[in-house]
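Reading through the structure tokens given below for one structure.
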Amino acid sequence: MTPQLPYATLRQIFARFAGIEPEPKSELEHVNAFTLLVAVALSAQATDVGVNKATRRLFQIADTPEKMLALGEDGLIEHIRTIGLYRNKARNVIKLSRLLIETFGGEVPSSRAALMTLPGVGRKTANVVLNMWFHHPAQAVDTHIFRVGNRTGICPGRDETAVERAIEDNVPVEYQAHAHHWLILHGRYICTARKPRCGICPIRDWCLYEEKTA
DNA sequence: ATCCCGAGGG
DNA sequence: CCCTCTGGAT
């Protein structure tokens, strides 16, 4: 495994991220807590661009659990057919909407345990909602953060939970609130899975990745 | 470990 | 063609 970069180096790396983008935010479109939850659930193994394309119209029709139930599973499928895994996602969103109404008073719950009782909501999705909506210092580890964390040495770990711990234990506290989105954006546009753009990487000086091609 | 599963890029 | 995209349930 790639060794963990020292604390002093992480300070320099995140100071660099903060200089480039002081207020990094999600590129997932949403209008309230419910639509954020749905958008994040739909984003599993899919691009933000693809999810936004589908939810732009969907959320004009169904931006509450009640309206989502009224739309129904088949109606929902018509909107998200262009997103991968759409059958599982449609079923989960309908069941999740019903559960929100029947068990949580129509509100999105604010604890990780409660969020994870919702169908289609695992630890990663729960942590994104906690971070973005409730401003908890929760570290959601997705495909980008897992790859970037291990490739660079910023937050290495064998599985998602280990990476989550590495962030909590090693990233300077003042940077933890924004760490998630900084790492996401870095992974999406610079440290890409297939052909990382090391030639324009702002943290190249500290990176432990060997293949520093252009 | 496997399945789900379309769009976009290379 | 193959790989990747803010995973989760079985």
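Numbers restart at 1 for each chain; the letters A, B, ... are given by sequence-line order, proteins then strands.
Defined by atom type and a distance below 3.5 Å, a donor-acceptor pair is present between the side-chain atoms of A/Gln4 and A/Asn170.
At a threshold of 4.0 angstrom between heavy atoms, the contacts of A/Arg147 are confined to the sugar-phosphate backbone, with no base atom among them. Counting any heavy atom pair closer than 4.0 Å across all strands shown, A/Arg81 reaches sugar-phosphate atoms only and no base atom. Contact annotation for A/Lys53: backbone-only contact, meaning every heavy-atom pair under 4.0 Å involves sugar-phosphate atoms and none involves a base. Among the heavy atoms of the strands, none lies under 4.0 Å from A/Gly50. Across all strands, A/Arg87 comes closer than 4.0 Å only to sugar-phosphate atoms, never to a base (heavy-atom distances). If you check every strand for non-hydrogen atoms under 4.0 Å, A/Val49 touches nothing. Counting non-hydrogen atoms under 4.0 angstrom, A/Thr192 reaches nothing in the nucleic acid. Within the 4.0 angstrom heavy-atom criterion, only backbone atoms of the sugar-phosphate kind lie near A/Ala193; the bases stay farther away.
Taking the C1' atom of each, B/dC5 and C/dC2 are spaced 15 Å apart, rounded to whole Å. Annotation: C/dT6 and B/dG9 have their P atoms spaced 13 Å apart (nearest Å).
For the pair A/Asn88 CG and B/dC5 C1', the interatomic distance rounds to 9 Å; values are reported in whole Å. Nucleotide B/dG9 holds its C1' atom 16 Å from the CD atom of A/Gln45, rounded to whole Å. Rounded to whole angstrom, the span from the OH atom of A/Tyr189 across to the C1' atom of B/dG9 amounts to 14 Å. What separates CG of A/Leu85 from P of B/dC3 is a distance of 14 Å, to the nearest Å.
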For DNA chain B, what is the dot-bracket line, given that a base pair needs Watson-Crick (N1 to N3, plus N6-O4 or O6-N4) or G-U wobble (N1-O2 and O6-N3) geometry with both distances under 3.5 Å, and | means paired with another strand?
-> ||||.|||||

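Taking 4.0 Å as the cutoff to heavy atoms of chain A, we find the contact window on DNA chain C bounded by C/dC3 to C/dA9.
Remark: the backbone N or O of A/Gln176 is paired with a side-chain donor or acceptor of A/Gln139 at under 3.5 angstrom. In this structure, the side chain of A/Lys89 engages the main chain of A/Leu42 through a donor-acceptor pair within 3.5 Å.
Remark: aromatic rings of A/His30 and A/Phe59 are distant, center separation not under 6.0 Å.
Exactly one of A/Lys67, A/His79, A/Met68 qualifies for a side chain to side chain contact (heavy atoms under 4.5 Å, CB included) with A/Ile61. That residue is A/His79. A/His180 pairs in a side chain to side chain contact (heavy atoms under 4.5 Å, CB included) with only one of the listed residues (A/Val141, A/Ile145, A/Asn127), which is A/Ile145.
Residue-environment remark: CD (A/Glu107) stays at or below the threshold of 12 foreign heavy atoms within 6.0 Å.
Between A/Asp48 and A/Leu118, the residue anchored nearer the 5' end of DNA chain C, judged by the nucleotide with its closest heavy atom, is A/Asp48.
Using the six-membered ring where Trp is involved, A/Trp182 and A/Phe17 have ring planes that are parallel, under 30° apart on the 30 and 60° scheme.
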Start with the C-alpha gap between A/Arg147 and A/Glu160, add the side-chain angles, then the distance that decides, and say whether salt bridge (charged side-chain N to carboxylate O under 4.0 Å, His left out) holds.
-> CA-CA 10 Å; A/Arg147 178 184 66 254; A/Glu160 289 78 3; over 6 Å; no

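Checked for salt-bridge contact, A/Lys95 and A/Glu73 miss the test: no charged N lies under 4.0 Å from a carboxylate O.
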